[in-house]
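Lettering of chains follows the sequences in order, A, B, ..., and the numbering in each one begins at 1. Atoms considered below: every heavy atom in the structure, side chains included; atoms not considered: hydrogens, waters and symmetry mates.
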Protein chains: 2
Amino acid sequence: MTMAPIDGPRWLSDEEQRVWRAYLHATTLLEDHLDRQLQRDAGMPHIYYGLLVQLSQAPRRRLRMTELAKGAKITRSRLSHAVARLEKNGWVLREDCPSDKRGQFAYLTDEGYAVLERTAPGHVAAVRQAMFDRLTPEQVAQLGDIMKVMAEGLQPSDPNADLPWLR
Amino acid sequence: MTMAPIDGPRWLSDEEQRVWRAYLHATTLLEDHLDRQLQRDAGMPHIYYGLLVQLSQAPRRRLRMTELAKGAKITRSRLSHAVARLEKNGWVLREDCPSDKRGQFAYLTDEGYAVLERTAPGHVAAVRQAMFDRLTPEQVAQLGDIMKVMAEGLQPSDPNADLPWLR
DNA sequence: GACTCATCCTTGAAAGTTGAACTACATCGG
DNA sequence: CCGATGTAGTTCAACTTTCAAGGATGAGTC
């Protein structure tokens, strides 16, 4: 007599495999598509564009580096390199934080804002064409719910949230 | 008198923005999560892992480079680099195509297959935990439909499908 | 104050990606 | 057979990302 397997690999069902593959294909195709669109029209990859957008919506068009990294879901290291590059373009500048000498603000220059104004319509159109124009309103709502659930489960805030005994 | 604007930028509605942001966050978090998981447990990024999976499912565990690239939705250039790296690991080998002297097959070695056997359960578990364990069956079905629609709209087969006059 | 530890951000090197240029072979039409 | 054109795959240089290490400052404790 043996015990039931503790947790033999629970493979994906055919349905799940189908969904997973569709997910991978759609997300990689869209990511590539937007990267190319923005590289062509704005001269930067999608993530960099997202940084400018975030800055443009922040008070006084500036954010602490860490806040910016959190908002974009990237590491501080990656952000450092990215901001260095955007700084070379003259679209972003750094500024010391007066209250915390370790801190830096990144702020969006007028040129950076201009790039955004010039390229945002095309980008929105690309997003719309790839996603919102193809989905029904119900599907858009469903997608929102689904993505919200998934994002919540992946917050890096607490990678061992479900393994409390390891903490 | 002016004409109605041809197509003033159709911004995203609040709802759409919310969905778009959720989509970006969820997909980037998941991608990062799986990349780290596989880098840690299998010593390669997610895309490389996907290449091994594809090979493992192909007849005689081999595919033409272009087929492999198409299946993985990546450029041939990227694939060349990837296969070079996997070859260094001893997980994949190249083989001349007898019927077309320009062609190359990539095939999965026994070691490559072993890596897959060893790491697949952990990877499936990660996918399951991030996606399928968190969604209801209805949501999984919805996600499948949605991703299918999006992927279809992004097939690189015909980037100007909606601009026939440019072809 | 001095110590310790955490946080903020940067750096450098290695790894991965991109897009264009390039080689070699195939295919098509004469 | 010839030339033109297309396809398969690689390579190079520029760029981006990752990971580990490190310098500097802040915060808590004695």
Side-chain angles (χ1 to χ4, degrees), chain A residues 28-29 31-51 62-89 91-107 156-157, chain B residues 28-29 31-51 62-89 92-107 156-157 159:
Chain A
T28 64
L29 286 174
E31 178 64 27
D32 285 7
H33 182 64
L34 295 183
D35 259 342
R36 276 181 232 289
Q37 185 263 319
L38 282 171
Q39 191 69 56
R40 175 167 47 80
D41 298 345
M44 65 189 135
H46 192 195
I47 296 231
Y48 289 31
Y49 179 88
L51 296 176
R62 66 198 66 205
L63 282 172
R64 284 289 291 271
M65 294 292 279
T66 297
E67 294 308 307
L68 189 49
K70 270 187 201 154
K73 261 78 183 167
I74 62 178
T75 62
R76 290 192 296 278
S77 170
R78 189 174 173 182
L79 180 62
S80 276
H81 290 295
V83 169
R85 197 275 219 183
L86 292 171
E87 210 169 7
K88 269 192 201 161
N89 284 288
W91 298 336
V92 165
L93 282 178
R94 286 182 231 235
E95 190 181 54
D96 291 340
C97 173
S99 64
D100 184 339
K101 289 182 186 167
R102 298 167 304 178
Q104 292 274 106
F105 283 98
Y107 76 89
S157 60
Chain B
T28 63
L29 286 174
E31 178 65 25
D32 285 6
H33 182 63
L34 295 183
D35 259 341
R36 276 181 229 288
Q37 185 264 317
L38 282 172
Q39 191 69 56
R40 176 166 48 79
D41 299 345
M44 66 190 134
H46 192 196
I47 297 231
Y48 290 30
Y49 179 89
L51 296 176
R62 69 198 64 205
L63 282 173
R64 286 289 292 270
M65 294 293 278
T66 296
E67 294 307 308
L68 190 49
K70 270 186 201 154
K73 262 78 183 169
I74 62 178
T75 62
R76 290 192 298 277
S77 168
R78 189 173 173 181
L79 179 62
S80 278
H81 290 291
V83 169
R85 198 279 218 181
L86 292 171
E87 211 168 5
K88 270 191 200 162
N89 284 289
V92 165
L93 282 178
R94 285 182 232 235
E95 189 181 54
D96 290 342
C97 173
S99 66
D100 185 338
K101 288 183 187 166
R102 297 167 304 179
Q104 293 274 108
F105 283 99
Y107 76 88
S157 60

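B:Phe105 comes within 4.0 angstrom of nothing in the nucleic acid, heavy atoms only. As judged by a 4.0 angstrom heavy-atom cut-off over every strand, B:Arg40 is placed among residues making no nucleic acid contact. Within 4.0 Å (heavy atoms only), B:Asp35 reaches no atom of the nucleic acid at all.
Regarding contacts with the backbone of C:dG16, a side-chain N or O of B:Arg85 is found under 4.0 angstrom from either OP1 or OP2. Residue A:Arg76 places none of its side-chain N or O atoms closer than 4.0 Å to OP1 or OP2 of C:dT7. B:Arg78 has a side-chain polar atom (N or O) that falls below the 4.0 Å cut-off from OP1 or OP2 of C:dT18. Checking the phosphate oxygens (OP1, OP2) of D:dC19, a side-chain nitrogen or oxygen of B:Arg36 falls inside 4.0 Å.
Comparing A:Asp100 and B:Ser77 along DNA chain C, the residue whose closest nucleotide (by nearest heavy atom) sits nearer the 5' end is A:Asp100. Each of B:Gln104 and B:His81 was assigned the nucleotide of DNA chain D with the nearest heavy atom; the assignment lying further toward the 5' end belongs to B:Gln104. When the nearest nucleotides of DNA chain C are assigned to B:Ile47 and B:Arg102 by heavy-atom distance, the more 5′-ward of the two goes with B:Ile47.
Taking atom NE2 of A:His33 as the reference point, atom P of C:dT18 lies 15 Å away to the nearest angstrom. One can place CZ of B:Arg94 at 9 Å from C1' of D:dG9, the figure rounded to the nearest angstrom.
In this structure the side chain of A:Met44 never reaches within 4.5 angstrom of the side chain of A:Asn89, judged on heavy atoms.
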